[in-house]
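Below, read A as the first sequence line, B as the second, and so on, with proteins coming before strands; counting in each chain starts at 1.
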There are 4 protein chains.
Amino acid sequence: MRRVDGTISATRKPPPACEKTTVVSRTGPRRSESVRLAVLHAADDLLVERGFAALTIEGIAQRAGVAKQTIYRWWKSKVDILLDTLTDDAREALEWRADESRGVEETLTSHLQRVADFFEEPAGQVLLALLGHAQLDSETAASLRAGFLKEQRERDIAGLRDLLARDQDLTFDDRTLDHLVDLLLGPLYYRVLVSGSPIDKELVETTSRLVLALAREPSTRNP
Amino acid sequence: MRRVDGTISATRKPPPACEKTTVVSRTGPRRSESVRLAVLHAADDLLVERGFAALTIEGIAQRAGVAKQTIYRWWKSKVDILLDTLTDDAREALEWRADESRGVEETLTSHLQRVADFFEEPAGQVLLALLGHAQLDSETAASLRAGFLKEQRERDIAGLRDLLARDQDLTFDDRTLDHLVDLLLGPLYYRVLVSGSPIDKELVETTSRLVLALAREPSTRNP
Amino acid sequence: MRRVDGTISATRKPPPACEKTTVVSRTGPRRSESVRLAVLHAADDLLVERGFAALTIEGIAQRAGVAKQTIYRWWKSKVDILLDTLTDDAREALEWRADESRGVEETLTSHLQRVADFFEEPAGQVLLALLGHAQLDSETAASLRAGFLKEQRERDIAGLRDLLARDQDLTFDDRTLDHLVDLLLGPLYYRVLVSGSPIDKELVETTSRLVLALAREPSTRNP
Amino acid sequence: MRRVDGTISATRKPPPACEKTTVVSRTGPRRSESVRLAVLHAADDLLVERGFAALTIEGIAQRAGVAKQTIYRWWKSKVDILLDTLTDDAREALEWRADESRGVEETLTSHLQRVADFFEEPAGQVLLALLGHAQLDSETAASLRAGFLKEQRERDIAGLRDLLARDQDLTFDDRTLDHLVDLLLGPLYYRVLVSGSPIDKELVETTSRLVLALAREPSTRNP
DNA sequence: TGATAACCGAGACGGTACGTCCTGTCTTCCT
DNA sequence: AGGAAGACAGGACGTACCGTCTCGGTTATCA
């Protein structure tokens with residue numbers, strides 16, 4: 001996010017973006033990093049405190065001690081701000097940790113458990129809100145899926161591929177892994193998004209056991 | 001909806017009150033059924049045509065040829081209206097059809113396929129919008145889960161129970177069925193809500209095969 | 001108001017008014033006098049309690065325990081109701097009392113004082129409200145002037161004529177009396193309507209003395 | 001209204017505050033004078049065209065090509081807008097013009113005639129509407145009397161004092177002048193507000209002659 | 001002694017305007 | 001040039017009454 005030359009790159013394209021060198025004799029102050037953080041934190045706090053519906057650009061501006069126009073200069077909507085917070089906060093929480101010292105089953109289970117726990121954290125709330133809003137607004141859906149969700153799915157596929165390679169010393173093609181990820185994460189997201197009930201340990205274990213079993217079937221290995 | 005005596009039964013609770021008999025000698029005009037339908041249809045149409053964000057009470061009122069106050073008299077928000085349309089339209093589309101002439105696998109697969117198709121229909125769009133909004137507003141979440149989703153889950157559990165009974169002549173306890181339903185529907189909802197990509201036939205088949213296999217394991221039968 | 005035959009005559013023309021005989025075979029109940037009084041009192045009370053702006057047909061109906069439609073059946077607006085209360089209450093308060101035992105000056109002064117006091121009473125408040133509303137709505141102005149104000153002015157002219165006859169044994173023509181009444185009442189109404197300050201005794205005395213002096217001038221007597 | 005430095009002085013109190021100097025370094029846009037005038041003219045026009053009852057904030061906004069919120073930012077009601085137009089338009093029409101070349105009687109008569117004519121003009125209609133509304137709403141009454149009417153009365157007292165000084169080289173105390181003004185203007189306002197009939201020349205002449213006669217009485221001079 | 005027609009309560013309905021809130025754009029000034 | 005302050009056009013919100021319109025229930029005559 002922070003480049004060597006000290007300028008900031010928003011997730012969004014900085015005006016029309018000069019990719020290589022910013023030689024342009026820039027005068028006046030550059031984008032203030034403190035403003036950026038103040039806005040992201042204000043948005044995050046307000047979302048958790050009051051919920052998405054009560055989250056307004058004006059509210060964020062006031063809370064962050066920033067002018068409305070300043071927000072519009074760098075983000076094009078409140079959704080855009082939240083997308084920015086996601087990138088900073090959620091990636092780490094959902095990463096796959098290869099722990100060689102533990103068995104494959106246990107590794108998978110503990111990853112799923114981490115996913116389950118993530119939904120309780122603020123960053124998880126942000127993701128849920130964005131997923132919710134994506135159902136209501138196709139532009140949000142496009143941004144979210146082209147950005148965070150796409151990257152996260154790549155990480156999930158890579159993570160699962162590595163794990164299965166450790167388990168059976170075999171590689172799966174992408175289509176198969178795609179399905180396995182759906183089967184793995186689907187029930188968890190379903191619980192959170194649809195049922196709204198907490199993800200219990202049993203669901204985590206059943207799911208991971210089932211997917212592993214499926215992966216080990218000969219028919220899956222040779223699709 | 002229309003009872004024999006000509007009075008109207010709103011899907012929504014008739015002013016809290018009076019569980020057994022409405023003794024209060026009600027005089028004056030009754031609720032107009034035509035108004036009710038005009039509003040539900042207007043809301044449904046506008047949602048599909050223009051999306052949730054562009055769905056406003058004023059827009060619905062205008063489209064339905066109805067006064068705004070009339071809407072507020074019977075529904076407390078646009079979400080409330082959508083909840084009403086759901087009850088009328090979605091139940092049938094998601095019901096389990098016991099087709100004795102076909103095998104258990106095929107029955108399950110075709111039910112899942114019907115669920116997948118449902119999301120393409122207007123009523124499915126309404127459900128998705130409501131699920132989306134439920135992530136943003138806890139009151140919506142509560143209404144949706146206490147109403148439609150609760151009933152639908154009961155139907156799903158009953159449907160699955162009947163199917164498995166036919167398959168193995170065994171009964172499963174509710175907790176187990178709960179999990180099986182999560183595993184069965186989770187991947188489908190995940191695809192629609194998170195990935196946003198259409199549900200392909202392969203996912204439907206894999207999922208139903210997998211869940212059936214799990215149900216047939218001795219460890220599942222005797223939990 | 002109450003006729004011999006028991007039917008009621010609203011100040012307003014009863015439907016299209018059959019002045020002489022109501023031969024139309026009337027069956028069913030006649031207008032309820034209790035309803036009429038309940039409405040007039042409710043309107044009066046609410047006007048004094050909450051002011052004209054807060055006076056609504058629905059409020060009057062509720063206060064009077066009467067259906068809105070019942071009000072619309074007999075009066076065509078809240079102003080119409082207030083006009084009705086005026087006729088009942090204000091006439092007496094503003095009548096000229098010929099007290100032979102007292103001097104002309106004293107009689108005139110005490111009449112003006114009674115006018116001044118009238119504005120403090122509920123009925124006076126109603127008149128002020130109607131005069132106010134007459135500035136805003138020409139229909140109100142027309143009704144008020146064609147009804148109460150016209151009658152009152154006739155009483156005022158007659159009263160002044162009698163008094164001056166007693167004073168000088170002379171008769172004045174109507175044009176002159178018209179002007180004298182304007183000069184007599186103008187300052188009082190000006191105080192109440194424009195200044196909003198109470199009418200002090202000095203104004204009452206100066207005014208009556210002045211008008212009497214004018215009336216006694218030879219130039220006035222022979223215009 | 002427009003100061004040398006280009007800032008605007010609303011007739012209405014600038015957010016309570018700062019009697020002497022506005023030190024608060026105000027940045028950002030200032031109030032748009034063109035908006036202010038557009039609103040005042042729209043209100044004035046609509047009042048004359050359609051009457052007070054049909055005068056709505058939304059109508060004014062539309063006519064002025066202005067957002068409703070912009071009106072609410074600067075005025076708190078339609079009455080507040082009319083009060084503003086009064087200050088701009090009525091002061092001049094009601095001022096006392098000392099014309100040394102003419103006699104005292106003639107000066108007084110011509111002033112009264114100007115008052116009479118004023119009621120026919122748009123600004124006079126505004127004053128009548130406000131006086132009417134003041135009878136219905138005590139807040140309007142308070143604003144009107146504390147603002148325009150108070151200043152106007154001061155001008156009237158000063159005008160009459162100067163005129164009488166020219167006539168008799170005597171000064172009158174304020175209480176006496178107060179009464180004289182009531183006697184002078186009362187009949188005119190009574191005609192307009194109560195009778196609703198036009199002010200004829202005779203009333204103007206009689207009134208001014210009468211008041212002048214009273215002022216010349218020794219008893220008035222030495223109260 | 002019904003029949004029947006009006007009165008009356010209750011309140012749904014299509015409307016209009018209210019006053020508030022937030023949006024996204026803009027202008028102005030300050031640093 | 002960046003940023004604060006905030007005015008502005010716009011549009012939806014949810015509320016309050018308006019005046020009209022059914023509904024049933026209830027009388028008080030007249031057949």
Side-chain angles (χ1 to χ4, degrees), chain A residues 24-32 34-35 54-59 61-62 64-74 76-78, chain B residues 6 8 24-32 34-36 54-62 64-74 76-78, chain C residues 6 24-32 34-35 54-62 64-74 76-78, chain D residues 6 24-32 34-35 54-62 64-74 76-78:
Chain A
V24 253
S25 106
R26 288 266 279 95
T27 170
R30 302 306 193 279
R31 177 178 186 182
S32 153
S34 65
V35 161
L55 187 67
T56 66
I57 296 270
E58 295 203 329
Q62 194 166 353
V66 141
K68 210 167 37 151
Q69 183 54 41
T70 302
I71 295 185
Y72 279 108
R73 195 175 351 256
W74 301 107
K76 67 180 204 294
S77 66
K78 64 181 179 177
Chain B
I8 305 304
V24 264
S25 113
R26 270 277 283 108
T27 180
R30 298 324 193 265
R31 176 176 188 179
S32 155
S34 66
V35 160
R36 184 177 163 273
L55 185 67
T56 66
I57 297 268
E58 295 201 333
I60 297 171
Q62 192 162 0
V66 142
K68 214 173 17 157
Q69 184 57 45
T70 299
I71 295 187
Y72 282 107
R73 197 182 346 265
W74 300 109
K76 66 182 207 292
S77 65
K78 63 180 178 177
Chain C
V24 251
S25 106
R26 281 269 281 103
T27 173
R30 303 305 195 275
R31 177 177 187 179
S32 151
S34 67
V35 160
L55 186 67
T56 66
I57 295 270
E58 296 204 331
I60 296 171
Q62 195 165 353
V66 141
K68 211 166 37 147
Q69 183 55 39
T70 302
I71 295 186
Y72 280 109
R73 195 176 353 256
W74 301 109
K76 68 182 206 292
S77 66
K78 64 179 180 179
Chain D
V24 262
S25 111
R26 271 276 284 107
T27 179
R30 291 338 186 253
R31 175 176 189 180
S32 155
S34 65
V35 161
L55 186 67
T56 66
I57 296 270
E58 295 201 331
I60 296 171
Q62 193 163 357
V66 143
K68 210 170 27 152
Q69 182 57 45
T70 299
I71 295 185
Y72 281 108
R73 196 180 350 264
W74 301 109
K76 65 183 209 294
S77 66
K78 64 179 179 178

Query raised in the report: So, do B:Thr70 and B:Arg73 sit near enough that their side-chain heavy atoms are less than 4.5 Å apart?
Result: yes
Query raised in the report: Any side-chain N or O of D:Arg73 under 4.0 Å from OP1/OP2 of F:dC8?
Result: yes
Requested in this report: Find out whether D:Thr56 and D:Lys78 are in side-chain contact, i.e. whether some heavy atom of one side chain is under 4.5 Å from a heavy atom of the other.
Outcome: no
Report summary line: Taken to the nearest whole Å, OH/D:Tyr72 to P/E:dA17 is 12 Å
Report task. Work out which heavy atom in B:Val66 is nearest to a heavy atom in B:Val35; give both atom names and the distance. Result -> CG2-CG1, 4.1 Å
Query raised in the report: For C:Gly59, which contact category applies under a 4.0 Å heavy-atom criterion: base, sugar-phosphate, or nothing?
Result: nothing
Requested in this report: Output yes when at least one side-chain N/O atom of D:Trp74 is less than 4.0 Å from OP1 or OP2 of F:dC8, else no.
Outcome: yes
Requested in this report: Please tell me which of the listed nucleotides, F:dC18, F:dA9, E:dT23, lies nearest to the side chain of D:Val66?
Outcome: F:dA9
Query - 4.5 Å side-chain heavy-atom contact, B:Arg36 and B:Trp74 - result: no
Requested in this report: Let me know the distance between CZ of B:Arg36 and P of E:dA12, rounded to the nearest Å.
Outcome: 16 Å
Query - hbond_proxy A:Gln69 side chain to E:dC26 base (donor-acceptor, 3.5 Å cutoff) - result: yes
Query raised in the report: Which comes earlier along DNA chain F counting from the 5' end, the contact point of C:Ser77 or that of B:Leu55, where each point is its nearest nucleotide?
Result: B:Leu55
Query raised in the report: Taking the side chain of D:Ala67 as heavy atoms from C-beta outward, which of F:dT22, E:dT23, F:dA9 is closest to it?
Result: F:dA9
Report summary line: Looking only at heavy atoms, the pair that brings A:Ala61 and A:Ala67 closest together is CB-C, 4.3 Å
Query raised in the report: C:Ile71 CD1 to E:dG9 C1': how many Å, rounded?
Result: 12 Å
Report summary line: In whole angstroms, the gap separating C1' of F:dC18 from CD1 of C:Ile57 amounts to 9 Å
Query - Atom-to-atom span, CZ of C:Arg31 to C1' of F:dT27 - whole angstrom - result: 18 Å
Query raised in the report: Looking at E:dC13, F:dT20, F:dA5, which one has an atom nearest to any side-chain atom of B:Val35?
Result: E:dC13
Query raised in the report: Can you find a side chain N or O atom of B:Thr70 that sits less than 4.0 Å from OP1 or OP2 on E:dG14?
Result: yes
Report summary line: Among the nucleotides F:dC17, F:dG19, F:dA9, whichever has the atom closest to the side chain of C:Thr56 is F:dC17
Query - Nucleotide nearest C:Glu58 when distance is taken to its side chain, options F:dC17, E:dC13, F:dA5 - result: F:dC17
Query raised in the report: Can you tell which of E:dG19, F:dC18, F:dA7 lies closest to the side chain of D:Lys68?
Result: E:dG19
Requested in this report: Name the residue closer to the 5' end of DNA chain E, choosing between C:Gly65 and D:Lys78 according to the nucleotide with the nearest heavy atom.
Outcome: C:Gly65
Report task. Could you state the atom-to-atom distance from CD1 of D:Ile60 to P of F:dA9 in whole Å? Result -> 14 Å
